[in-house]
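Data block below; observations after.
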Protein chains: 2
Amino acid sequence: METSQTVTAIMDAAQELVQTRGYNAFSYRDLAERVGIRTASIHYHFPAKSDLGGALVRRYAAAVGEARDRIEHEVQDAPTRLRRYAALLESVLRDGSRICLGGMMASDFATLPEPVQHEVTQFIADNERWLAGVMEQGRREGTLAFAGEAATAAGAFFGALEGAMFVARGCDDLERYRRSAEWLVEMLIAR
Amino acid sequence: METSQTVTAIMDAAQELVQTRGYNAFSYRDLAERVGIRTASIHYHFPAKSDLGGALVRRYAAAVGEARDRIEHEVQDAPTRLRRYAALLESVLRDGSRICLGGMMASDFATLPEPVQHEVTQFIADNERWLAGVMEQGRREGTLAFAGEAATAAGAFFGALEGAMFVARGCDDLERYRRSAEWLVEMLIAR
DNA sequence: GTCTATAAGATGATAGAC
DNA sequence: GTCTATCATCTTATAGAC
C-alpha cells in the first residue's frame with residue numbers, strides 16, 4: 001500500500017509543525033495553506049486530528065527504527081553506536097531547530113488521545129530497549145562502564161538526549177546539544 | 001507590593017495547566033472555571049495571555065532560585081547538593097505529574113512571544129550557572145569527577161533531568177525519573 | 001479526491017455598566 | 001475588581017456537489 005503524494009505532503013507539513021510548535025499549536029488550516037489544498041481534503045485523509053497524530057508517530061518511529069538498524073549495520077563498537085544515535089537526533093535539531101517528534105509528543109502527552117499516548121510510550125520503549133542492548137554490549141566488550149543496570153543507563157541516556165534538544169533550542173545555541181551528547185558518551189566510556 | 005488572592009489563584013491554576021498541558025493547551029476559559037470568575041476578570045489582571053505567561057516564568061524562576069538557596073544552606077557537599085536539586089524537580093513531578101515549568105515552556109518555545117522566550121532562556125541559564133558552581137566545587141573537593149568543563153557537565157545534567165521528567169510521564173512510570181537522576185549523580189561521583 | 005459551504009463551539013480580547 | 005455582552009477569528013469537523 002503505497003502512500004499518495006498528498007498524504008505524504010500533509011504528513012511532512014504536519015511533522016514539521018509538531019516538531020517545532022507542538023501538537024496543540026498547529027491546525028488543519030496551517031496544513032492546508034502549506035500543502036495547497038483545503039482543510040476538508042485533509043479531513044478526507046485524516047478524519048480527526050488524532051488520526052494524523054497517530055500516523056505521524058508511527059511513521060516517525062519506523063524511520064528512527066530504520067536509522068537504528070543502519071547504525072547497527074555500519075558501526076560495531078558500542079561507543080560509536082551511541083555517538084551515531086546522538087548524531088541522528090542532532091540532525092533532527094539542525095533541520096530547522098526541530099525537536100525529536102517523540103520528545104515533542106511526550107511534552108504534549110497529557111493532551112493526546114489515549115491511542116496516540118500509547119504509541120508515544122511505545123516509541124520511548126523501543127528506543128530505550130535498543131539503547132539498553134548497546135549499553136550491555138559495551139559493558140561486555142569493556143568499552144563502556146556505568147553504574148547499575150543497562151536499562152537504567154539507557155533510560156537516562158535517552159532522556160538526557162531528548163532534554164538536551166529542548167534546552168539547546170531554548171538557549172538558541174544548538175551547539176549545546178552536541179556538547180551535552182559528547183559529554184554523556186564520554187562519561188560512559190570505560191577508562 | 002503584595003499580590004492579591006485573585007492574582008495568586010489565577011497564577012496557581014495557570015501554572016498547573018502549563019505544567020501538565022503546556023502553554024498552548026489551556027485557555028482563559030479553563031482558568032475562569034477553576035478560579036470561579038469570568039474571563040474578563042482575568043484579562044483585567046493579565047491583559048494578554050503572554051503577560052500571564054511571563055509572570056508565571058518569573059514567579060517560578062524566583063521560587064526555584066529560593067529552593068536552590070535553601071539547598072546551598074542546608075547541605076554542603078556537591079553530590080548531596082546535586083541529589084537535592086534532582087529531588088526538587090522530582091517533587092514537581094510527583095505533584096500531579098507536573099513537568100518543570102521551565103522545561104514545559106522550553107517545549108513550547110517556538111510559540112512564545114519574544115519577551116517570554118527570553119525569560120525561559122534566563123531560567124535555563126540561571127539553573128545551569130548554579131549547577132556549574134556545584135560541579136566545580138565537587139571537582140575541587142574531589143567528590144565529583146567528570147570530563148571537560150563544569151559548565152558542560154552542568155548543561156548536560158540540567159537537560160538530562162528535564163528530559164527525564166518528560167520521559168517518565170510519557171511512560172506513566174514516575175519512578176523512572178528517580179532512577180535516571182540517581183544514575184546521573186552516581187556517574188558523576190569520584191571513585 | 002478535492003472542492004464549497006457550513007456548522008457548533010472555542011479563543012483571545014475589549015467596551016462599558018456596576 | 002468583577003461583571004455582562006459582544007467581537008472577530010480560529011478550530012475541528014461534516015454534508016454534499018463535482
Side-chain angles (χ1 to χ4, degrees), chain A residues 1-57 104-105 108-117 119, chain B residues 1-18 20-57 59 104-105 108-117 119:
Chain A
M1 28 169 162
E2 56 272 14
T3 308
S4 78
Q5 286 182 340
T6 302
V7 166
T8 301
I10 293 168
M11 292 181 71
D12 288 349
Q15 183 174 333
E16 199 262 335
L17 284 165
V18 172
Q19 290 185 278
T20 52
R21 303 175 53 87
Y23 182 77
N24 299 298
F26 83 95
S27 68
Y28 272 38
R29 198 196 217 185
D30 296 322
L31 292 179
E33 281 169 11
R34 282 162 205 241
V35 176
I37 53 176
R38 301 302 167 129
T39 61
S41 307
I42 304 176
H43 278 287
Y44 169 79
H45 296 287
F46 302 100
K49 195 181 179 182
S50 57
D51 297 317
L52 175 54
L56 288 177
V57 180
M104 203 50 140
M105 294 292 249
D108 295 321
F109 200 78
T111 69
L112 301 176
E114 205 259 290
V116 184
Q117 284 189 342
E119 309 209 63
Chain B
M1 30 172 162
E2 56 274 14
T3 308
S4 79
Q5 287 182 341
T6 302
V7 166
T8 302
I10 293 168
M11 290 181 72
D12 288 349
Q15 184 174 332
E16 199 262 335
L17 284 165
V18 172
T20 51
R21 303 175 54 86
Y23 182 78
N24 298 299
F26 84 95
S27 68
Y28 272 39
R29 198 196 215 185
D30 296 322
L31 293 179
E33 281 168 12
R34 281 160 206 241
V35 177
I37 54 176
R38 301 302 168 130
T39 61
S41 306
I42 303 176
H43 278 288
Y44 169 79
H45 296 288
F46 302 100
K49 196 181 180 184
S50 57
D51 297 318
L52 175 54
L56 288 177
V57 179
R59 186 178 73 159
M104 202 50 139
M105 294 291 250
D108 295 321
F109 200 77
T111 69
L112 300 176
E114 204 259 289
V116 184
Q117 285 188 341
E119 309 210 62

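Residue numbering restarts at 1 for every chain, and letters A, B, ... go by the order of the sequence lines.
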Nearest whole angstrom, please: distance from the [atom2] of [N] to the [atom1] of [X].
X	N	atom1	atom2	result
B/H43	D/dT6	NE2	P	17 Å
A/R38	C/dT4	CZ	P	4 Å
B/Y44	C/dG12	OH	P	21 Å
A/L31	D/dT11	CG	C1'	12 Å
B/I42	C/dT11	CD1	P	12 Å
A/R29	C/dT11	CZ	C1'	13 Å
A/Y28	C/dA10	OH	P	19 Å
B/E33	C/dA10	CD	C1'	11 Å

Worksheet item: Side chain of A/Y28, backbone of A/A48: donor and acceptor closer than 3.5 Å?
Response: yes

Under 4.0 angstrom between [X] side-chain N/O and [N] OP1 or OP2:
X	N	value
A/S41	C/dC3	yes
A/T6	C/dT2	yes
B/S27	C/dT11	yes

Worksheet entry | salt bridge (charged side-chain N to carboxylate O under 4.0 Å, His left out) between A/D108 and A/R21, worked out | CA-CA 11 Å; A/D108 295 321; A/R21 303 175 53 87; over 6 Å; no

Item to complete: Could you say whether A/F46 or B/H45 is positioned toward the 5' end of DNA chain D, judged by the nucleotide with the nearest heavy atom to each?
Response: B/H45

Practice prompt. Taking all heavy atoms of A/R38 and all of A/A32, pick out the closest pair and write down the distance.
Written response: C-CB, 4.0 Å

Discussion item. Show, in sequence, the C-alpha distance, side-chain angles and deciding distance for B/L31 and B/F46, and conclude whether the side chain to side chain contact (heavy atoms under 4.5 Å, CB included) test is met.
Written reply: CA-CA 12 Å; B/L31 293 179; B/F46 302 100; over 6 Å; no

